[in-house]
Chemist: 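The structure is given below, and queries will be raised subsequently.
So that the names make sense, note that chain A is the first sequence line, chain B the second, and so on, each numbered from 1.
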2 protein chains.
Amino acid sequence: MNSAETLEPTAVDAEVCCEPSGQPSLDDYEAQLRASVFKALADPNRLRLLSIVKGSEGGEACVCDLTQPLNLGQPTVSHHLRILVDAGLLHREKRGTWAYYSLVPGAIERTTGLLASL
Amino acid sequence: MNSAETLEPTAVDAEVCCEPSGQPSLDDYEAQLRASVFKALADPNRLRLLSIVKGSEGGEACVCDLTQPLNLGQPTVSHHLRILVDAGLLHREKRGTWAYYSLVPGAIERTTGLLASL
DNA sequence: CACACACATTGACAATCATCGATATAGCCG
DNA sequence: CGGCTATATCGATGATTGTCAATGTGTGTG
């Protein structure tokens with residue numbers, strides 16, 4: 001395939017391909033960066049965690065408030081929360097024995113921006 | 001755990017939990033539904049596919065245009081495209097031998113809505 | 001100090017997934 | 001009809017992931 005002059009606009013260098021529109025499409029690095037955020041959102045239990053934290057009194061919740069509604073073990077919930085923190089979606093603040101999780105301000109909006117600017 | 005009366009507002013039924021705010025947080029079904037969309041977005045190559053399709057001439061691209069910029073085999077690209085179609089993000093139209101993929105109108109906006117209404 | 005509690009971390013395991021090679025389907029052209 | 005091309009599907013495989021039990025860490029309390 002792609003001998004010389006076919007009728008399809010087959011790119012020669014496989015980098016900037018075939019779109020004379022706006023952006024030159026996502027490069028591999030940017031795609032991996034954005035995918036890591038969506039990976040954090042790609043689990044129903046993590047979505048529920050975000051939802052519960054967002055709807056909690058004062059906008060924050062501790063782990064002990066989160067294990068029961070999800071019907072999951074405490075280590076599993078801790079694991080999910082860590083992924084959400086690493087993705088920049090949740091903020092963790094330790095007060096005494098408890099760890100309070102809250103939405104990072106603007107994180108949701110920033111994430112929708114990742115979609116809109118595809 | 002959850003013997004009888006501790007000091008935390010432990011819900012008795014693990015359904016509506018502990019938020020006297022707006023929504024009663026996501027139920028398991030809705031969470032799974034939304035997660036399936038984000039699962040489709042949780043791969044860098046699929047994000048690049050969406051980006052290339054969106055930026056392509058006429059808003060559509062066929063498989064042969066997509067394998068080279070991603071540096072992936074044709075079966076793999078077909079597989080990713082299927083996932084994006086199943087998620088309701090891409091539309092597939094067969095014309096002759098070619099299959100043309102295009103963004104489903106409003107799909108991106110609907111997806112951002114899944115985030116905003118958490 | 002000793003104990004209890006809230007949370008994090010580790011190790012293991014089953015399930016899901018991304019990728020590839022091989023093959024199947026189907027439209028076009030000689 | 002017979003080959004060629006574009007795409008889809010299948011089977012296998014290595015990698016990632018969600019979950020749990022067990023354990024570690026740090027903080028408050030008797």
Chemist: Both T76(B) and T97(B) contact DNA chain D. Taking the nearest nucleotide for each, which residue is further toward the 5' end?
Modeler: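 Upstream on the strand: T97(B).
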Chemist: Check the hydrophobic clustering (I, L, V, M, F, W, Y; side-chain heavy atoms under 4.5 Å; chains of links allowed) and say if L89(B) and V85(B) are grouped together.
Modeler: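 Same cluster: L89(B) reaches V85(B) through Ile, Leu, Val, Met, Phe, Trp or Tyr contacts under 4.5 Å.
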Chemist: Rounded off to whole Å, could you give me the NZ-to-P distance for the K39(A) and dT16(C) pair?
Modeler: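 Spelled out: NZ on K39(A) to P on dT16(C) is 17 Å.
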Chemist: Would you mind reading off the distance between F38(B) atom CZ and dC17(C) atom P, rounded to a whole angstrom?
Modeler: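 The distance from CZ of F38(B) to P of dC17(C) comes to 17 Å, rounded to the nearest Å.
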Chemist: Whole Å only: how far is the NE2 atom of H79(B) from the C1' atom of dA24(C)?
Modeler: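 Atom-to-atom, H79(B) to dA24(C), this comes out as 18 Å.
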Chemist: Please give, in whole Å, the distance from dG27(C) C1' to E93(B) CD?
Modeler: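 The distance from CD of E93(B) to C1' of dG27(C) comes to 16 Å, rounded to the nearest Å.
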Chemist: Among K54(B), E93(B), H91(B), R92(B), whose side chain to side chain contact (heavy atoms under 4.5 Å, CB included) with S102(B) holds?
Modeler: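 With S102(B) as partner, K54(B), E93(B), H91(B), R92(B) yield a single side chain to side chain contact (heavy atoms under 4.5 Å, CB included), made by H91(B).
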Chemist: Under 4.0 Å: is that the gap between some side-chain N or O of R92(A) and OP1 or OP2 of dA8(C)?
Modeler: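 So the side-chain polar atoms of R92(A) do come within 4.0 Å of the phosphate oxygens OP1 or OP2 of dA8(C), strictly under.
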Chemist: May I ask you to evaluate whether Y101(A) reaches the phosphate of dA8(C), defined as a side-chain N or O under 4.0 Å from OP1 or OP2?
Modeler: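 It does, given that an N or O in the side chain of Y101(A) lies less than 4.0 Å from OP1 or OP2 of dA8(C).
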Chemist: Give a yes or no on whether a donor-acceptor pair under 3.5 Å exists between the nucleobase atoms of dA6(D), that is its base, and the side chain of Q74(B).
Modeler: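 Donor-acceptor pair under 3.5 Å: no.
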Chemist: In whole angstrom, what separates D86(A)'s CG from dT17(D)'s C1'?
Modeler: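 So the CG-C1' distance, D86(A) to dT17(D), works out to 15 Å.
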Chemist: Verify the cluster assignment for L103(B) and V63(B): are they in a single hydrophobic cluster under the rule of side-chain heavy atoms below 4.5 Å apart?
Modeler: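 Same cluster: L103(B) reaches V63(B) through Ile, Leu, Val, Met, Phe, Trp or Tyr contacts under 4.5 Å.
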Chemist: Within the pair R82(B) and dT9(D), is there a side-chain N or O less than 4.0 Å away from OP1 or OP2?
Modeler: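 Checking dT9(D) against R82(B), a side-chain N or O does come within under 4.0 Å of OP1 or OP2.
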Chemist: Which heavy atom of R34(A) sits nearest to which heavy atom of S117(A), and what is that distance?
Modeler: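 Reported closest heavy-atom pair: NH1-OG, 3.1 Å.
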Chemist: Mapping V77(B) and I83(A) onto DNA chain D by nearest heavy atom, which one lands closer to the 5' end?
Modeler: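 Nearer the 5' end of the strand: V77(B).
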Chemist: Name the closest nucleotide to the S78(A) side chain, picking from dT9(C), dT19(D), dG18(D).
Modeler: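 In terms of side-chain proximity for S78(A), the closest of dT9(C), dT19(D), dG18(D) is dT9(C).
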Chemist: Within the pair H80(A) and dT19(D), is there a side-chain N or O less than 4.0 Å away from OP1 or OP2?
Modeler: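 Yes, H80(A) has a side-chain N/O under 4.0 Å of OP1/OP2 on dT19(D).
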Chemist: Tell me whether the OP1 or OP2 atom of dG27(C) has a side-chain N or O from R95(B) closer than 4.0 Å.
Modeler: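 For dG27(C), neither OP1 nor OP2 has a side-chain N or O of R95(B) closer than 4.0 Å.
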Chemist: Using atom CG of N71(A) as one end and atom P of dG18(D) as the other, report the distance to the nearest whole Å.
Modeler: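 Distance, rounded to whole Å: 18 Å.
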Chemist: Starting at atom CH2 of W98(B), determine the distance to atom P of dA26(C), rounded to an integer number of angstrom.
Modeler: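 Answer to the nearest Å: 18 Å.
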Chemist: Flag yes if I83(A) and L49(A) sit in one hydrophobic cluster, no otherwise; membership is Ile, Leu, Val, Met, Phe, Trp, Tyr, and two members link when side-chain heavy atoms are under 4.5 Å apart.
Modeler: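 Each belongs to a different hydrophobic cluster.
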Chemist: What is the distance from CG of L72(A) to P of dC7(C), rounded to the nearest Å?
Modeler: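 It works out to 15 Å between those atoms.
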